[in-house]
Amino acid sequence: MWDSPPPEILTFVLIRLPIKSIITCTAVSKTWKSIIQNTSFISIHLHHSKNKHPLLLFRLPPSEHRISNKELYALYCDNNNNPDLYEHTRFDFPQGGSFRVVGTCNGLVCFVMNFTDRFFFWNPLVRKLVTLPTPSVGLRTLRFYNPSIGFGFDSKTNDYKVVRIVSASESDSSKVPKVEVYSLATAQWKVVAAVPPVGTAFADKCDPHAFVNGALHCVVSKNNIDNEILNFILVFDLGDEVFREIAMPKPLDNPENLVGVSVSAYRNSLALIQRGDSIGRVDIWVMKWYDVASSWTKMFSTLADQGGFLPRLIGFKKTGEVLLEMHRGHFVSRDLETKQIKDLRTIEDKSTFVDSYVETLVLLDKPNCADTY
């Protein structure tokens, strides 16, 4: 018979192990399992993991050799000391079908099945999947609707939330949309009192919301007091569950300039990306100081090549480097400050970048609502 180390020493050692080893340790004893599945241990491990080299999550292209209809994902190691990315691991999404990634946060990926109200939370490294209940506002209550969806973390309550902004009709912008929030802590959807300004129109409801500083951000437009169309960034605070607005840079607040504009997380602030064949270029604006509209700065601009091809911005690394898909599926990263370009030769052709990713134990403490596969 042996004595287990004190909990604080055990925690110090365990958080430094690979996740597979940590999960294996839950079988050592009831005490170890209780410590590892405790919410405080999972939070300490998350904080420790954020200081490691970040990973990049990609959706891999369908293969003619695959029999399964499940989507395939891969994690690539993002080490600044190595110019090449290399594959860390890959895994199937456990559900068959066609899905859209709503967002990723703290190792948790939120999916929605295309053309349905079916949502999932997935942590591939702990092999846990949560099927969310059906929202109350949707196919069961509305014949025609098109929701704008975001996903993020509420640090005030240590909770993961999905936000759906549902409009009953695209043709009648005067109707007030309903806003519904799902909480992992309560495992329920609820309709909140906060609503966007009347007449708010979304640039593209399929664009993912940018999660920054505890809030979700998306590009929208509305009529101002002079009945002029104004573009802006709509912000939903996950803690207070209220809306606010952030002004866009002046060249983009014109209604004619909303086409091809999306917002993304950039370090601890925001970036606006405009890409369109109609303007023949790609522009990136960065908000140097979050929520300070005067700090918007154009950091990148490139024209289409002689063949008319425009690079496709596919996301940002945690370091702030932008990932670009060039001609014929070639990937590069570019530092917006130093202008340095890196050739990413190791990424599989036709892969789709999802987001930066961190290895965590999120969902390990949810044995009653998460399915293990």
Side-chain angles (χ1 to χ4, degrees), residues 19 23 26 33-46 71 91 93-97 99-142 145 147-166 177-195 208-209 211 214-216 236-243 355 357-373:
I19 281 187
I23 294 174
T26 61
K33 182 177 182 180
S34 175
I35 290 173
I36 293 171
Q37 291 186 341
N38 187 277
T39 303
S40 62
F41 178 87
I42 293 173
S43 297
I44 294 170
H45 179 270
L46 170 61
E71 295 182 346
F91 26 68
F93 183 60
Q95 293 282 330
F99 298 87
R100 174 164 61 94
V101 176
V102 177
T104 68
C105 184
N106 295 343
L108 202 58
V109 189
C110 177
F111 291 86
V112 60
M113 180 177 279
N114 289 329
F115 311 113
T116 74
D117 289 328
R118 296 186 63 194
F119 287 84
F120 303 88
F121 286 163
W122 182 43
N123 184 337
L125 296 179
V126 300
R127 298 178 66 84
K128 292 278 189 177
L129 180 75
V130 174
T131 302
L132 277 58
T134 303
S136 59
V137 181
L139 291 173
R140 295 183 303 176
T141 56
L142 298 173
Y145 77 106
S148 180
I149 309 168
F151 168 66
F153 179 68
D154 177 6
S155 60
K156 292 182 179 179
T157 59
N158 197 34
D159 193 11
Y160 295 87
K161 295 180 176 180
V162 181
V163 178
R164 301 173 71 245
I165 306 171
V166 184
K178 290 187 177 181
V179 180
E180 196 170 16
V181 177
Y182 174 83
S183 158
L184 179 61
T186 65
Q188 293 180 339
W189 291 93
K190 68 173 182 180
V191 176
V192 299
V195 293
H209 292 209
F211 174 66
L216 297 171
F236 184 80
D237 188 291
L238 290 178
D240 297 332
E241 295 185 344
V242 295
F243 285 99
D355 205 348
Y357 189 86
V358 59
E359 295 180 304
T360 74
L361 298 168
V362 175
L363 294 186
L364 196 63
D365 59 337
K366 305 290 184 184
N368 296 326
C369 69
D371 296 323
T372 302
Y373 58 93

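Because only heavy atoms are used, hydrogens play no part in the values below, and waters and symmetry mates are left out as well, while side chains stay in. Owing to the predicted nature of the structure, the values given are computational and were not obtained by experimental measurement.
In this structure, CD in Gln37 is found 9.5 Å from CD1 in Ile23, a value given to the nearest 0.5 Å. Residue Thr26 holds its OG1 atom at 10.0 Å from CG of Leu361, rounded to the nearest 0.5 Å. Rounded to the nearest 0.5 angstrom, Met113 CE and Thr131 OG1 are separated by 9.5 Å. Summarising the geometry, atom CD1 belonging to Ile149 is positioned 11.5 Å from atom CG belonging to Leu216; distances are rounded to the nearest 0.5 Å. Here the OG1-CG distance, from Thr104 to Asp355, works out to 3.5 Å after rounding to the nearest 0.5 Å. To the nearest 0.5 angstrom, Leu184 atom CG is 6.5 Å from Leu363 atom CG.
Side-chain contact check for Ser148 and His209: at least one donor-acceptor pair (N or O, by modelled atom type) lies under 3.5 Å.
Judged by distance alone, with hydrogens and angles left aside, the side-chain atoms of Glu180 form no donor-acceptor pair with the main-chain N or O of Val166 at under 3.5 Å. Side-chain atoms of Asp159 come within 3.5 Å of backbone atoms of Ala185 as a donor-acceptor pair (strictly under, hydrogens ignored). Under the 3.5 Å distance criterion, the side-chain polar atoms of Asp237 are matched with a main-chain donor or acceptor of Gly239. At least one donor-acceptor pair closer than 3.5 Å links the side chain of Asn123 to the backbone N or O of Val362. Counting only distance, with no hydrogens or angles, the side chain of Lys161 and the backbone of Val181 share no donor-acceptor pair below 3.5 Å.
Put simply, the residue from Phe111, Tyr160, Trp189 that forms a ring-ring contact (aromatic ring centres under 6.0 Å, His included) with Phe119 is Trp189.
Residues Tyr357 and Pro124 have side chains in contact (heavy-atom distance under 4.5 Å, counting atoms from C-beta outward). Contact annotation: the side chain of Val126 approaches that of Ile19 to within less than 4.5 Å [non-hydrogen atoms, C-beta and beyond]. In this structure the side chain of Arg118 never reaches within 4.5 angstrom of the side chain of Thr134, judged on heavy atoms. Using a 4.5 Å cut-off on side-chain heavy atoms (C-beta onward), Val179 and Phe243 make contact.
Relative ring orientation between Phe151 and Phe121 is described as tilted, the plane-to-plane angle lying within the 30° to 60° band.
One finds a salt bridge joining Lys190 and Glu241 here, because a Lys/Arg side-chain nitrogen approaches an Asp/Glu carboxylate oxygen to under 4.0 Å.
In this structure, Trp122 has its ring center at least 6.0 angstrom away from the ring center of Phe99.
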